Colleague: 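The structure is given below, and queries will be raised subsequently.
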Amino acid sequence: MKVNVTVNGVAYEREVEARTLLAYFLREECGLTGTHVGCDTSSCGCCVVVLDSDKAVKSCSMFAAQADGHQVLTVEGLANGGTLHPLQQAFWDQHGLQCGYCTPGMLLTSIILLKHNPNPSESDIREGLAGNLCRCTGYQNIVKAVQQAAGTLGVQV
Amino acid sequence: MIPAAFTYLRAHTSDEAFAHLQQYGAEARVLAGGQSLIPAMRFRLARPAVLVDINASSDLNVLRVNGNALAVGAIARDSDIERAPWITDRRWSLIRDVSRVVADPVVRQMGTVVGSLCHNDPAGDWTAASLAARAEVTVRGKDGARDVKIDDFLVDSFTTAVGEGEMALGVHFPVADDRTAGAYQKVERKVGDFATAAAAVQLSLNADGTIREAGVALSAAGPCAVRVDEAEQMLRGQRPSAELIRAAGDAASRRSAPQADLRGSVEYKKNLAGVLVVRALRQALSRLGVQA
Ligand SMILES: Cc1cc2nc3c(=O)[nH]c(=O)nc-3n(C[C@H](O)[C@H](O)[C@H](O)COP(=O)(O)OP(=O)(O)OC[C@H]3O[C@@H](n4cnc5c(N)ncnc54)[C@H](O)[C@@H]3O)c2cc1C
Ligand code: FES
Ligand code: FES
């Protein structure tokens with residue numbers, strides 16, 4: 001079947017099987033390998049992308065066909081030319097990553113977290129990222145990075 | 001890990017979805033949030049030939065208090081409930097608690113309440129909550145739409161009153177009076193795990209402080225969520241006390257019929273069910289300003 005998905009503002013029209021998962025559509029059809037696949041079973045949050053600027057979704061658990069006619073934001077769409085997105089900059093500043101495998105999912109989950117809750121407390125952030133696993137950092141610096149991006153680092157919320 | 005091939009149909013209205021389901025019958029499955037169905041298809045536990053995607057059926061995107069019921073349409077997400085402005089009213093405290101502990105925060109942005117009821121996992125969270133809140137599910141069939149009491153809707157593990165070619169349109173939670181509060185207590189090994197045991201309670205008080213109505217239900221305590229009738233009967237008409245709460249917890253332990261698995265033994269889970277009912281009752285009462 002034909003699907004047309006707008007990824008980071010660019011329309012990708014491709015002929016795919018209905019069973020093609022969005023994660024593989026992004027990686028193999030669009031060549032956007034920034035969306036990582038960790039568990040492939042909807043448990044780790046590595047593959048999270050943003051759908052229609054509104055929802056963080058696990059792209060390993062959604063069919064590309066469902067995204068037909070929709071907008072998807074992936075990690076490749078965050079930086080503006082050479083300028084990192086404020087959240088990316090915050091991950092850099094706070095050492096919010098080590099191997100970086102979980103980072104795209106952390107970033108995109110956080111974008112939606114901040115959209116719905118621009119002033120999150122530390123525990124709001126920890127709860128909001130509870131579905132995203134990181135095997136390296138111990139989460140501390142990821143939480144700090146999101147606090148920095150929200151402008152609440154060192155602030156009592 | 002790759003699902004079996006299927007035909008994808010996108011329904012723009014519930015009428016269209018229903019027509020597809022009638023045409024394909026047992027071959028077809030509704031695709032709501034996909035958070036149970038897609039993993040099941042990836043493991044080839046489910047191999048539907050046709051998927052009817054209802055996510056674009058905007059008439060099912062309902063979440064509002066409609067007279068004496070809260071109407072939750074078939075594509076209302078867990079996160080819509082979590083973020084609803086009225087959800088902080090204590091009469092919705094059971095539903096609010098549940099909307100914050102189902103799966104993980106990303107899954108909740110896609111997963112639906114109605115999809116979870118239709119899936120009817122033995123350890124699902126919305127099933128027990130719907131029993132305690134005495135919800136009804138609207139099912140559309142050949143003869144039109146019918147409201148099914150949640151007790152009759154949950155037939156067996158992964159089996160509901162939704163027949164071949166039918167679909168659920170929504171679930172209705174009765175609007176309780178303002179002397180009502182509930183609580184959901186769940187023990188899980190980690191975020192995103194199903195319950196080891198969970199208890200849903202909802203209490204309405206009379207003006208004199210006695211209990212007018214009680215809903216008590218358990219998840220992960222049998223083939224599907226169970227109502228603890230004995231505890232409900234004990235509580236009704238009584239003044240809340242530590243003793244009464246303990247007795248209700250004991251009734252829940254007796255009613256619980258869990259399976260042993262990696263999450264715990266039968267003995268442990270039965271005991272835990274009682275403990276969680278006690279905690280949930282205390283929490284609901286404290287939300288009503290009653291210490292017991
Ligand atoms: C990592 C992870 C952790 C989870 N943890 C929990 C948990 O702790 N507790 C819990 O309760 N759930 C949990 N879930 C399940 C999750 O809550 C699902 O979202 C939910 O069970 C199903 O809702 P859905 O909208 O995604 O339904 P889908 O997956 O789309 O559908 C589920 C089933 O219901 C049928 N169906 C859906 N809607 C209708 C309808 N309107 N009419 C008729 N049939 C319909 C489908 O055909 C399918 O058979 C978890 C899921 C994941 C991926
Ligand atoms: S790869 Fe999608 S959740 Fe792990
Ligand atoms: S930085 Fe390595 S998994 Fe998170």
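Note that the structure is a prediction, hence the values are computed from the model and not measured. Naming convention: chains lettered A, B, ... in sequence-line order (proteins, then strands); numbering from 1 in each chain. As a basis for the values below, the full set of heavy atoms in this structure was taken, side chains included, without hydrogen atoms, waters or symmetry mates.
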Colleague: Could you check A:L51 against B:Q109 for side chain to side chain contact (heavy atoms under 4.5 Å, CB included), going step by step and ending with a plain yes or no?
Modeller: CA-CA 10 Å; A:L51 187 65; B:Q109 298 179 48; over 6 Å; no
Colleague: Rounded at 0.5 Å granularity, tell me how far NE2 in A:H116 sits from CD in B:E82.
Modeller: 10.5 Å
Colleague: Sort B:P3 into side chain, backbone, both or neither according to what part of it lies under 4.5 angstrom from a heavy atom of chain A.
Modeller: both
Colleague: Show your working on side chain to side chain contact (heavy atoms under 4.5 Å, CB included) between A:T41 and B:M1 and close with a plain yes or no.
Modeller: CA-CA 8 Å; A:T41 55; B:M1 299 310 299; 3.5 Å; yes
Colleague: Step through the shown structure and confirm whether more than 12 heavy atoms of other residues, nucleotides or ligands are within 6.0 Å of CZ on A:R135.
Modeller: no
Colleague: Highest number of heavy-atom pairs under 4.5 Å with chain A: which of B:A5, B:G33, B:A56, B:S79?
Modeller: B:A5
Colleague: Can you pull out the residues in residues 60-78 of chain A with any heavy atom less than 4.5 Å from chain B?
Modeller: A:C60, A:S61, A:M62, A:F63, A:A65, A:Q66, A:A67, A:D68, A:H70
Colleague: Chain B heavy atoms under 4.5 Å from A:I112: which part of the residue, side chain, backbone, both or neither?
Modeller: side chain
Colleague: Does B:W86 have more than 12 heavy atoms from other residues, nucleotides or ligands lying within 6.0 Å of its CH2?
Modeller: yes
Colleague: Using the side chain to side chain donor-acceptor pair (under 3.5 Å) criterion, which residues pair with B:E27? Sequence neighbours excluded.
Modeller: none
Colleague: Kindly compute the distance separating CD (A:E17) from CZ (B:F6), expressed to the nearest 0.5 Å.
Modeller: 9.5 Å
Colleague: Mind listing the closest non-hydrogen atom pair of A:A56 and B:V106 along with its distance?
Modeller: O-CG1, 3.4 Å
Colleague: Checking heavy atoms, do the side chain of A:V48, its backbone, both or neither come under 4.5 Å from chain B?
Modeller: side chain
Colleague: So which of A:L129, A:V57, A:N117, A:D40 has the biggest tally of heavy-atom pairs under 4.5 Å with chain B?
Modeller: A:D40
Colleague: Checking B:A4 against chain A: side chain, backbone, both or neither under 4.5 Å from a heavy atom?
Modeller: backbone
Colleague: Here's a test for you: under side chain to side chain contact (heavy atoms under 4.5 Å, CB included), which of B:L51, B:I2, B:I38 qualifies with A:R19?
Modeller: B:I2
Colleague: Is it the case that more than 12 heavy atoms not belonging to B:Q259 sit under 6.0 Å from its CD atom?
Modeller: no
Colleague: For A:K2, does the NZ atom have more than 12 heavy-atom neighbours from other residues, nucleotides or ligands under 6.0 Å away?
Modeller: no
Colleague: Could you give the distance from CG (A:D54) to CZ (B:R77), rounded to the nearest 0.5 Å?
Modeller: 9.5 Å
Colleague: If you take all heavy atoms of A:G131 and B:P105, which pair is closest and at what distance?
Modeller: N-CD, 3.8 Å
Colleague: Taking 4.0 angstrom as the limit, do A:K58 and B:D104 come out as a salt bridge?
Modeller: yes
